Q: 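First the structure, which I've put down as structure tokens, then a few questions once you've had a look.
The chain is numbered in sequence order, starting from 1. These numbers were taken from a predicted model, which means no experiment stands behind them. Below, each value reflects all heavy atoms present in this structure, side chains not excepted, and no hydrogens, waters or symmetry copies.
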Amino acid sequence: MKILIVGGVAGGASAAARMRRLNEQAEIILFERGEFISFANCGLPYYIGGVIAKREKLFVTSKKKMENRFNIDVRNLSEVMKIDRVNKKVTVKNLVSSEIYEEEYDKLILSPGAQPIKPRFEGIDDAPVFTLRNIPDTDKIYNHIEKNNVKRAVVIGGGFIGIEMAENLSHRGIKVDVIDMQNQVMAPFDFEMAQFLHQELIDNGVNLHLEESVSKFDGNTVVTNKRRIATDLIILAIGVRGETTLAVDSGLEVNRNIVVNNQLQTSDPDIYAIGDAIEVKHFVSKMSTIIPLAWPANRQGRLVADHISGRKISYLGTLGTSVAKVFNLTAASTGLNEKALIDSDIAYSVVFVNKNNHASYYPNASEIDLKVIYDKTSKKVLGAQAIGYEGVDKRIDVIATAIKFGAKIDELSEIEIAYAPPFNSAKDLVNIAGYIGENQLNGYNYYMWQDVEKHISNNEVIVDVRTKEEFELGNIPTSKNIPIDEFRTRLDELPKDKTIYLYCEVGQRAHIAASILMSKKINSENLSGGYNVYKQGMYSWN
């Protein structure tokens with residue numbers, strides 16, 4: 001059997017290595033347009049920022065190692081120009097010698113990756129504009145900084161690459177402005193969660209320009225619809241687009257990206273496609289989507305090799321589990337966010353948890369803010385987001401696993417998580433999310449931070465059950481302060497025929513007040529996430 005693989009890095013290199021482990025006799029040829037067949041895409045910003053000191057650390061494997069260890073014919077600097085599906089052969093151009101030749105195949109694996117989106121802004125050719133996707137891009141940015149004594153940079157786009165570049169450029173002493181058309185950075189997070197990131201960016205000296213669009217470049221100046229920003233370096237990080245030209249030209253089915261089935265076969269069963277260039281089924285929504293992440297690409301590469309080798313496989317879909325470092329914060333998410341659900345037919349509920357990463361009495365405890373979303377009907381967990389300093393990835397990994405196995409919100413309380421004071425509390429954040437979900441299912445009512453302004457306008461009864469000192473440091477306008485330790489003795493201050501809208505810092509004390517009111521048959525609602533989430537939702541970055 002002769003297998004051709006177009007593209008290396010995560011998907012293609014994984015497919016090649018797995019294929020060889022399963023079949024020692026197969027002829028395997030890996031074509032890579034670039035010089036490097038496998039490198040750490042996600043590490044590129046950290047090399048530019050000096051966190052990764054040595055460039056060679058970015059290389060996962062080499063052409064020589066792939067050839068010697070796996071007996072794979074690796075042809076880098078070789079571009080596959082055309083696929084002849086009828087005769088099952090490809091046309092290849094050697095980018096060094098310009099030689100053009102053909103190779104036949106029994107099975108073909110497409111792993112062409114994606115390329116950065118680069119709109120043709122006016123003046124872009126005369127501005128110091130760079131994108132970041134591979135080693136040559138990295139070298140260009142690194143050398144530009146070294147040679148030009150860069151003092152200011154503008155990052156256009158607040159996604160993963162944009163925010164990681166903002167942090168790493170800041171580490172080099174470069175003053176950074178971030179511009180994004182949306183009202184938040186980091187699209188996997190809902191607005192109130194992204195607000196924690198906005199504050200962290202600003203606290204670390206980044207100028208944040210949200211709901212702002214680039215109009216043009218004027219030499220070393222970025223012109224937006226609101227301002228002009230002088231700069232020495234421009235990073236364009238507004239997203240990526242799958243490399244689908246080869247698939248389109250060969251008549252394969254392509255929608256937004258290459259269309260594949262559950263076995264990762266294209267519309268031609270002898271041609272497979274993996275990685276950033278394909279559409280995948282979202283594990284939760286079952287809808288077609290594009291999720292260009294490293295874990296799915298590696299998993300898909302392995303599964304394709306298994307299928308070609310005769311094993312029964314099915315790619316179950318992608319959750320989109322991800323994590324990012326934003327200066328001192330860690331931000332992680334999995335599954336669907338609330339934004340994705342608002343326009344869906346799914347009735348959902350939200351749970352907020354604020355709790356320390358480990359026992360509060362053990363030194364250096366730090367807070368984690370966790371948001372969990374679940375289906376009101378099935379009770380199944382749909383997604384989660386967490387932001388904090390330590391232990392964030394652990395909680396999201398646990399919930400991602402729970403989602404994969406169909407866990408319901410109240411079942412999160414059943415998960416046994418390792419506990420010792422330096423690492424955790426006896427009741428983990430994930431367990432607390434389960435308990436709050438259980439409360440919601442058992443008749444306790446909650447309102448969201450977005451509802452507060454409506455309740456103020458309607459002259460509703462809003463009660464803060466924190467201490468007087470906490471109340472005086474900041475509170476919801478029009479709210480009345482009745483500390484929880486005085487609550488039972490001051491019930492006569494509350495109307496019996498109206499809903500009481502309760503809140504405390506994170507929701508725990510307000511839950512006690514809600515229990516008291518429930519016993520008196522007085523309707524109440526608890527602010528989900530408490531004043532902590534309300535305050536972040538109302539935070540202004542301007």
Q: For the pair His358 and Tyr362, name the ring-plane relationship: parallel under 30°, tilted 30 to 60°, perpendicular over 60°.
A: perpendicular
Q: Report, as yes or no, whether the 6.0 Å neighbourhood of atom NZ on Lys376 holds more than 12 heavy atoms from other residues, nucleotides or ligands.
A: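 Not buried by this count: 12 neighbours or fewer within 6.0 Å.
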Q: So which atom in Tyr389 and which in Asn328 form the shortest heavy-atom distance, rounded to 0.1 Å?
A: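 Reported closest heavy-atom pair: CD2-O, 3.2 Å.
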Q: Between Glu460 and Lys454, is the closest basic N to carboxylate O distance under 4.0 Å?
A: no
Q: How far apart are the closest heavy atoms of Val206 and Ser170, and which atoms are they?
A: CG2-OG, 3.9 Å
Q: Testing the 3.5 Å rule here: is there a donor-acceptor pair between the side chains of Asn431 and Ser413?
A: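 Result is no, nothing qualifies.
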Q: Are any side-chain N or O atoms of Ser425 and backbone N or O atoms of Asp428, one a donor and one an acceptor, separated by less than 3.5 Å?
A: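 Checking the backbone N and O of Asp428 against the side chain of Ser425, no donor-acceptor pair under 3.5 Å is found.
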Q: Could you pull out the closest heavy-atom pair between Val372 and Ala433, with the gap in Å?
A: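 Closest approach of Val372 to Ala433: CG2-CB, 3.9 Å.
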Q: Tell me if the NZ atom of Lys535 is crowded by more than 12 foreign heavy atoms within 6.0 Å.
A: yes
Q: Going by atom types alone, do Glu212 and Asn225 pair a side-chain donor with an acceptor below 3.5 Å?
A: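 The answer is no; no qualifying pair exists.
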Q: In Å, rounded to the nearest 0.5 Å, how long is the span from CD1 of Ile417 to CG of Leu429?
A: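 So the CD1 of Ile417 and the CG of Leu429 are separated by 8.5 Å.
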Q: Whether the side chain of Ser344 engages the backbone of Ile346 through a donor-acceptor N/O pair (distance < 3.5 Å, no angle test) should be reported.
A: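 Yes; at least one donor-acceptor contact below 3.5 Å.
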Q: Can any side-chain N or O of Asp451 pair as donor or acceptor with the backbone N or O of Met448 at less than 3.5 Å?
A: yes
Q: Is it the case that the side chains of Glu164 and Asn168 hold a donor-acceptor pair, with the cut-off being a distance below 3.5 Å and no angle test?
A: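 Short answer, no.
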Q: Does the ring pair (Phe, Tyr, Trp, His ring centres under 6.0 Å) test come out yes or no for Tyr272 and His307, once each step is laid out?
A: CA-CA 10 Å; Tyr272 297 77; His307 194 256; 5.8 Å; yes
Q: Classify the side-chain pair Asp369/Asn532 by whether it contains a donor and acceptor separated by less than 3.5 Å.
A: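 Asp369 vs Asn532: donor-acceptor pair found between side chains.
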Q: Start with the C-alpha gap between Arg490 and Glu493, add the side-chain angles, then the distance that decides, and say whether salt bridge (Lys or Arg N to Asp or Glu O under 4.0 Å) holds.
A: CA-CA 6 Å; Arg490 294 176 61 181; Glu493 297 179 27; 2.8 Å; yes
Q: Anything under 3.5 Å between a donor and an acceptor, one on a side chain of residues 518-529, the other on a protein residue two or more places apart or in another chain? List them.
A:
unit_1 : atom_1 : unit_2 : atom_2 : d
Ser519 : OG     : Ile516 : O      : 2.6
Asn526 : ND2    : Gly507 : O      : 3.0

Q: Assess the side chains of His209 and Asp177: does a donor N or O sit below 3.5 Å from an acceptor N or O?
A: yes
Q: Distance-only, no hydrogens or angles: does the Asn424 side chain make a donor-acceptor pair with backbone N or O of Ala420 under 3.5 Å?
A: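 Looks like no, no N/O pair under 3.5 Å.
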Q: Checking Arg466 now: which residues fulfil salt bridge (Lys or Arg N to Asp or Glu O under 4.0 Å) with it, not counting sequence neighbours?
A: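 By the salt bridge (Lys or Arg N to Asp or Glu O under 4.0 Å) rule, Arg466 matches Asp464, Glu505.
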Q: What I want to check is whether the side chains of Glu192 and Tyr539 have a donor and an acceptor closer together than 3.5 Å.
A: no
Q: Centroid separation under 6.0 Å, is that true for the rings of Tyr447 and Tyr501?
A: yes
Q: Could you tell me the separation between the CG atom of Leu412 and the CZ atom of Arg395, rounded to the nearest 0.5 Å?
A: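 The CG atom of Leu412 sits 13.0 Å away from the CZ atom of Arg395.
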Q: Is there a side-chain contact between Arg241 and Lys118 in this structure, where contact means two heavy atoms from C-beta onward sitting under 4.5 Å apart?
A: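 No, side chains not in contact.
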Q: Counting distance only, does the side-chain N/O of Tyr503 pair as donor-acceptor with the main-chain N or O of Ile476 below 3.5 Å?
A: yes
Q: When you measure from the side chain of Asn356 to the backbone of Ala359, do you find a donor-acceptor pair of N or O atoms at a distance under 3.5 Å?
A: no
Q: So, for Leu208 and Trp541, which heavy atoms are closest and what is the spacing to 0.1 Å?
A: O-CD1, 4.1 Å
Q: Do Ser333 and Ile396 make a side-chain contact, defined as non-hydrogen atoms from C-beta onward lying under 4.5 Å apart?
A: no
Q: Between Glu338 and Tyr348, is there a side-chain donor-acceptor contact under 3.5 Å, judged purely by atom types and distance?
A: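 The criterion, which ignores hydrogens and geometry beyond distance, is satisfied for Glu338 and Tyr348.
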Q: Test the Lys404-Phe283 pair against the cation-pi criterion, namely NZ or CZ under 6.0 angstrom from the six-membered ring centroid and within 45° of the ring axis.
A: yes
Q: To the nearest 0.5 Å, tell me how far Ile48 CD1 sits from His171 NE2.
A: 13.5 Å
Q: Side chain of Gln300, backbone of Gly275: donor and acceptor closer than 3.5 Å?
A: yes
Q: Between Thr467 and Glu470, do the side chains contain a donor N or O and an acceptor N or O under 3.5 Å apart?
A: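 Yes, a side-chain donor-acceptor pair sits under 3.5 Å.
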Q: Kindly check if the number of other-residue, nucleotide or ligand heavy atoms within 6.0 Å of NZ (Lys286) is above 12?
A: yes
Q: Under 6.0 Å from the CG atom of Asn364, do we count more than 12 heavy atoms belonging to anything else shown?
A: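 Check fails, neighbour count at 12 or below.
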Q: Step by step, would you call Glu438 with Lys379 a salt bridge (Lys or Arg N to Asp or Glu O under 4.0 Å)?
A: CA-CA 10 Å; Glu438 186 179 298; Lys379 304 178 188 176; over 6 Å; no
Q: What are the two closest non-hydrogen atoms of Val465 and Ala513, and how far apart are they?
A: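 Answer, listing the atom of Val465 first, then Ala513: CG1-CB, 4.1 Å.
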Q: Are the side chain of Asp375 and the backbone of Ser378 linked by a donor-acceptor contact shorter than 3.5 Å?
A: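 Checking the backbone N and O of Ser378 against the side chain of Asp375, a donor-acceptor pair under 3.5 Å is found.
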Q: From Ile156 CD1 over to Ile238 CD1, what is the distance, rounded to the nearest 0.5 angstrom?
A: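 One gets 7.5 Å once the value is rounded to the nearest 0.5 Å.
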Q: With distance as the sole criterion, is a donor-acceptor pair present between the side chains of His511 and Gln508 under 3.5 Å?
A: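 His511 vs Gln508: no donor-acceptor pair found between side chains.
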Q: Using a 4.5 Å cut-off on heavy atoms from C-beta on, say whether the side chain of Phe160 contacts that of Met186.
A: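 Yes, their side chains come closer than 4.5 Å.
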Q: Return yes when atom CZ of Arg488 has more than 12 non-hydrogen atoms of other residues, nucleotides or ligands closer than 6.0 Å, and no otherwise.
A: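 No, the 6.0 Å shell around CZ holds no more than 12 heavy atoms from other groups.
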Q: Whether the Glu279 and Ser288 side chains hold a donor-acceptor pair (N or O, under 3.5 Å, no angle test) is what I'd like checked.
A: yes
Q: Under a 3.5 Å distance rule, please check whether Gln440 uses its side chain to pair with a backbone N or O of Val350 as donor and acceptor.
A: yes
Q: Which pair of non-hydrogen atoms, one from Ala400 and one from Leu319, has the smallest distance, and what is that distance?
A: O-CD1, 3.6 Å
Q: Spell out, as yes or no, whether a donor-acceptor pair under 3.5 Å connects the side chain of Ser285 to the backbone of Met287.
A: yes
Q: Between the side chains of Glu167 and Lys325, is the shortest nitrogen-to-carboxylate-oxygen separation below 4.0 Å, so that they form an ion pair?
A: yes
Q: Are side-chain heavy atoms of Thr330 and Ile387 found at a separation under 4.5 Å?
A: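 No. Closest side-chain heavy atoms not under 4.5 Å.
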Q: Salt-bridged, Asp276 to Arg133, with N to O below 4.0 Å?
A: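 Salt bridge present between Asp276 and Arg133.
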Q: Please determine whether the number of non-hydrogen atoms from other residues, nucleotides or ligands lying under 6.0 Å from atom NZ of Lys226 exceeds 12.
A: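 It does: Lys226 NZ has more than 12 such atoms within range.
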Q: A side-chain contact here means heavy atoms from C-beta on lying under 4.5 Å apart; do Ile235 and Thr131 qualify?
A: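 When only atoms from C-beta onward are counted, Thr131 and Ile235 do not touch, as no gap falls below 4.5 Å.
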Q: Other residues, nucleotides and ligands only: do more than 12 of their heavy atoms fall within 6.0 Å of CZ on Phe423?
A: no
Q: Rounded to the nearest 0.5 Å, what separation is found between the CD1 atom of Ile313 and the CZ atom of Arg302?
A: 11.5 Å
Q: Measure the spacing between CD1 of Ile399 and CD1 of Ile409 and express it to the nearest 0.5 Å.
A: 7.5 Å
Q: Does atom CG (Asp345) have a neighbourhood of more than 12 heavy atoms from anything else shown, all under 6.0 Å?
A: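 Atom CG in Asp345 is not crowded, with 12 or fewer foreign heavy atoms closer than 6.0 Å.
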